[in-house]
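Written out below as structure tokens is the structure these notes cover.
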Amino acid sequence: MKLKFRTKLSYGIGGTADNAMFTLIETFLLFFLTTVVGIEPGIAGTILAIGCIWEAFCGPISGYLSDHTESRFGKRKPFLLFAAVPAAVVTSLLFTSIDMSYGLKVFYYGIMTVLFWWCFAVFFVPYMTWGSELTEDYHERTVLRSYAYVFNQVGKGLGMVMPTFLVAVLAGIGFTTAQSWSAVGITVGVVSGASLLICALSIRETDNPEFVKSKNRERLLDAKKVKEMFSGYFQILRLRPIRYLIGASLVYLIANTVFMSDMIYYFTYNIHISSIKMSLITLLMTMAGIALSPLITLCAGKTDKKTAFIGGMVISGIVLISARIIGVTSFAEACVMCGLFAIGNTCYWQLMPSMIYDVCEAEELASGEKHSGQVISLQALSESLSAAVGVQLLGIILQQAGFNESLAQQSETALFWVSNCFSFLPGLGMLFVALVVSRYPITKKTFPRILEGVEKRRRGEAVDLNDYRDIF
């Protein structure tokens with residue numbers, strides 16, 4: 001089904017919140033906690049890891065609940081509406097520096113981080129799942145995700161480009177560093193909440209105006225339903241396509257989290273560039289992503305999503321490893337490296353969700369029922385776990401390497417490992433991701449067979465799953 005331009009645009013706008021919130025946390029929260037709040041890197045990494053693990057718990061529940069929700073607004077929209085205002089408030093509070101004892105600081109930012117990821121989990125899985133329900137067309141899903149990706153880049157600009165620029169500008173007119181970061185949190189929070197509301201209120205294709213609330217409606221979640229939910233997840237994970245994609249997501253996002261969280265350390269301590277130049281580099285990455293999006297859509301249409309994805313991972317992986325060998329010592333070299341990194345980054349955020357959408361039909365074919373929210377929540381789970389592992393790994397590496405947040409000039413050992421985390425380690429991860437996805441079985445050729453089997457299932461006809469052994 002071809003979607004209206006208005007629907008694609010509206011859905012894309014929701015992607016602003018997704019990436020603005022995720023990128024802000026991924027890129028700056030560890031830096032904010034260590035250099036502004038004054039929490040040790042190892043403890044700060046643990047705070048971030050706990051928050052991510054909590055989101056990993058909430059995401060699957062959110063997916064399950066959205067699969068089983070019935071309302072006049074459909075299954076997914078209510079979750080976006082519910083999360084919008086809390087997301088704005090909690091993001092603002094998370095980046096507010098509070099003058100209190102060290103122990104209370106750890107407690108406060110731990111609670112705020114957990115609340116942040118709870119808000120994120122409430123809307124993220126339903127939002128992603130909504131895209132799979134708006135169209136079942138193999139290529140149209142890639143097109144829909146290209147709209148989402150463009151607004152993801154707008155969000156990335158807010159979460160990654162704007163902070164250092166705004167902090168520098170506000171500091172220049174007399175604001176303290178803490179006040180400047182508070183302004184960053186408020187800006188990202190308000191824009192994210194607004195984008196969720198715009199997306200939810202302007203898409204009506206999945207509304208059910210004739211819905212009548214049942215007086216004897218069952219509880220959405222009880223002990224029996226929890227058991228059923230986890231049983232369903234284990235069944236989904238038995239599918240070969242989902243295992244390859246979730247495995248690839250875990251590795252890529254650990255590599256990406258290490259790269260993004262380490263980037264500001266590398267720029268600050270290794271090559272000593274200003275906040276304005278940092279903003280210009282992150283702006284370059286954002287603009288490169290937007291420019292690459294239609295090219296990647298074209299390549300995926302001409303070849304296949306899988307082929308385009310692997311190509312992007314290989315290119316960026318080689319670039320990062322080469323950068324470590326050659327050395328990145330200047331602003332210009334950092335621009336080139338980060339601009340080329342955007343190739344793999346764009347491929348992941350644009351094509352991975354589209355490939356996950358295709359697994360929804362494979363799961364329906366295998367089980368006889370549609371569990372899109374649960375399928376897609378597994379990607380959210382991989383994002384949460386990988387973010388937890390990534391920030392904890394970086395925090396441990398920095399602490400073991402002797403990073404001291406009070407020093408303007410770090411030790412040679414600390415600088416060595418900051419450099420490795422910015423280039424070599426993420427590069428290896430991206431090459432490994434390409435290897436894993438090369439085994440993924442759903443392609444432009446196999447997907448029509450899956451749809452044929454799904455249509456038979458929906459008509460009540462028998463389907464022999466042995467005919468799909470190359471996929472399952």
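All of these numbers come straight from a predicted model, not from anything done at the bench.
Within 6.0 Å of CZ on Arg439 lie no more than 12 heavy atoms contributed by other residues, nucleotides or ligands. Atom OH of Tyr269 has more than 12 heavy atoms from other residues, nucleotides or ligands within 6.0 Å.
Scanning both residues, Ile276 and Ala168, for their nearest heavy atoms gives CD1-CB, 4.0 Å. Here the closest non-hydrogen pair linking Ser386 and Thr257 is O-OG1, 4.2 Å. Scanning both residues, Ile271 and Ser330, for their nearest heavy atoms gives CD1-O, 4.1 Å. Taking all atoms of both residues into account, the shortest heavy-atom contact from Ile43 to Tyr102 is CD1-OH, 3.5 Å. For the residue pair Ala308 and Leu351, the shortest heavy atom distance occurs at CB-CD1, 3.8 Å. Of all heavy-atom pairs spanning Cys338 and Met263, the tightest one is SG-SD, 4.4 Å.
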Side-chain polar contacts of residues 28-35 - donor-acceptor pairs under 3.5 angstrom, sequence neighbours left out - could you list them?
residue : atom : partner : partner atom : Å
Thr34   : OG1  : Leu30   : O            : 2.9
Thr34   : OG1  : Phe31   : O            : 3.1
Thr34   : OG1  : Tyr265  : OH           : 3.1
Thr35   : OG1  : Phe31   : O            : 2.6

For a quick test of your reading: what N or O donor-acceptor pairs under 3.5 Å do the side chains of residues 283-292 make, sequence neighbours left out?
residue : atom : partner : partner atom : Å
Thr286  : OG1  : Thr282  : O            : 3.0

Without placing hydrogens or testing angles, list every side-chain donor-acceptor pair under 3.5 Å for residues 73-85, not counting sequence neighbours.
residue : atom : partner : partner atom : Å
Lys75   : NZ   : Asp67   : O            : 2.7
Lys75   : NZ   : Glu70   : OE2          : 2.9
Arg76   : NE   : Glu133  : OE1          : 3.3
Arg76   : NE   : Glu133  : OE2          : 3.1
Arg76   : NH1  : Ser66   : O            : 3.3
Arg76   : NH1  : Ser66   : OG           : 2.6
Arg76   : NH1  : Asp67   : OD1          : 3.1
Arg76   : NH2  : Asp67   : OD1          : 3.0
Arg76   : NH2  : Glu133  : OE2          : 2.5
Lys77   : NZ   : Ala200  : O            : 3.1
Lys77   : NZ   : Ile203  : O            : 2.7
Lys77   : NZ   : Asp207  : OD1          : 3.0
Lys77   : NZ   : Asp207  : OD2          : 3.2

Quiz: residues 413-435 side-chain donor-acceptor pairs under 3.5 angstrom, not counting sequence neighbours:
residue : atom : partner : partner atom : Å
Ser419  : OG   : Arg324  : NE           : 3.4
Asn420  : OD1  : Arg324  : NE           : 2.7
Asn420  : OD1  : Arg324  : NH2          : 3.4
Ser423  : OG   : Ser419  : O            : 2.8

*Might you work through the side-chain contact (heavy atoms from CB on, under 4.5 Å) test for Phe116 and Met112, ending with a clear yes or no?*
CA-CA 6 Å; Phe116 173 91; Met112 285 299 112; over 6 Å; no

_Walk me through whether Tyr357 and Thr135 qualify under side chain to side chain donor-acceptor pair (under 3.5 Å)._
CA-CA 10 Å; Tyr357 288 169; Thr135 178; over 6 Å; no

_Evaluation steps, side chain to side chain donor-acceptor pair (under 3.5 Å), between Ser372 and Thr129_ = CA-CA 6 Å; Ser372 300; Thr129 308; over 6 Å; no

*Evaluate the side-chain contact (heavy atoms from CB on, under 4.5 Å) criterion for residues Ile273 and Ile281: first the C-alpha distance (whole Å), next the side-chain angles of each, then the deciding distance (0.1 Å), finally the verdict.*
CA-CA 10 Å; Ile273 61 176; Ile281 293 174; 3.6 Å; yes

*Hey, mind stepping through Thr176 and Ser180 against side-chain contact (heavy atoms from CB on, under 4.5 Å) and telling me if it holds?*
CA-CA 6 Å; Thr176 65; Ser180 301; 5.9 Å; no

*Criterion side chain to side chain donor-acceptor pair (under 3.5 Å) on Ser202 and Ser10, from CA distance to verdict*: CA-CA 6 Å; Ser202 59; Ser10 297; 3.0 Å; yes

*Would you check, one step at a time, whether the test side chain to side chain donor-acceptor pair (under 3.5 Å) holds for Ser146 with Gln350?*
CA-CA 6 Å; Ser146 71; Gln350 184 171 339; 4.8 Å; no

*Begin with the C-alpha distance, continue with both residues' side-chain angles, and end with the deciding distance and a verdict on ring pair (Phe, Tyr, Trp, His ring centres under 6.0 Å) for Phe124 and Phe120.*
CA-CA 6 Å; Phe124 178 68; Phe120 188 86; 5.0 Å; yes

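A cation-pi contact, defined as under 6.0 Å to the ring centre and within 45° of the axis, is absent between Lys156 and Phe151. The side-chain tip of Lys277 points at the ring of Phe331 from less than 6.0 angstrom away and within 45° of straight on.
Atom CG of Leu65 sits about 10.5 Å away from atom OG of Ser377, to the nearest 0.5 Å. The distance from the CE atom of Met21 to the CG atom of Leu94 is 9.5 Å, given to the nearest 0.5 Å.
At a threshold of 4.5 Å between non-hydrogen side-chain atoms, the residues Phe95 and Val36 do not count as touching. Counting heavy atoms from C-beta on, the side chains of His272 and Phe267 never come closer than 4.5 Å. Side-chain contact between Trp54 and Ile50 is absent, with no heavy atoms from C-beta onward closer than 4.5 Å. Residues Thr69 and Tyr64 fail the side-chain proximity criterion, which asks for heavy atoms closer than 4.5 Å. Here the side chains of Tyr266 and Asn270 are in contact, with some heavy-atom distance below 4.5 Å.
Side chain of Thr91 to main chain of Ala88: no donor-acceptor pair is present (N/O by atom type, distance under 3.5 Å, no hydrogens or angles). The backbone N or O of Asn152 lies less than 3.5 Å from a partner atom in the side chain of Asn19, making a donor-acceptor pair. Panel note: side chain Ser279, backbone Val161; a donor-acceptor pair is recorded below 3.5 Å. Not one N or O on the side chain of Ser97 forms a donor-acceptor pair closer than 3.5 Å with the backbone of Ala178. Without hydrogens or angle criteria, Glu333 side chain to Thr329 main chain gives a donor-acceptor distance under 3.5 Å. Under a 3.5 Å cut-off, the side chain of Arg141 and the backbone N or O of Ser132 do form a donor-acceptor pair. In this structure a side-chain-to-backbone donor-acceptor pair under 3.5 Å is present from Ser316 to Leu340. Put simply, the side chain of Gln153 never gets that close to the backbone of Val150: no donor and acceptor are under 3.5 Å apart. Between the Thr307 side chain and the Thr303 main chain, no donor and acceptor come within less than 3.5 Å of each other.
Take Arg243 and apply the salt bridge (charged side-chain N to carboxylate O under 4.0 Å, His left out) test, not counting sequence neighbours, and it matches no residue. Residues satisfying the salt bridge (charged side-chain N to carboxylate O under 4.0 Å, His left out) test with Lys8, not counting sequence neighbours, are Glu140.
When each of Phe22, Tyr149, Tyr252 is tested with Trp349 by the rule ring-ring contact (aromatic ring centres under 6.0 Å, His included), just one qualifies, namely Phe22.
Donor-acceptor pairing under 3.5 Å is lacking for the side chains of Thr142 and Thr297. A donor-acceptor pair shorter than 3.5 Å can be found between the side chains of Gln392 and Thr46. For the 3.5 Å distance criterion, the side chains of Lys306 and Thr443 fail to qualify, holding no donor opposite an acceptor. Judged purely by distance below 3.5 Å, without hydrogens or angles, the side chains of Trp130 and Thr206 pair a donor atom with an acceptor atom.
Centroid-to-centroid, the aromatic rings of Tyr147 and Tyr11 stay 6.0 Å apart or farther.
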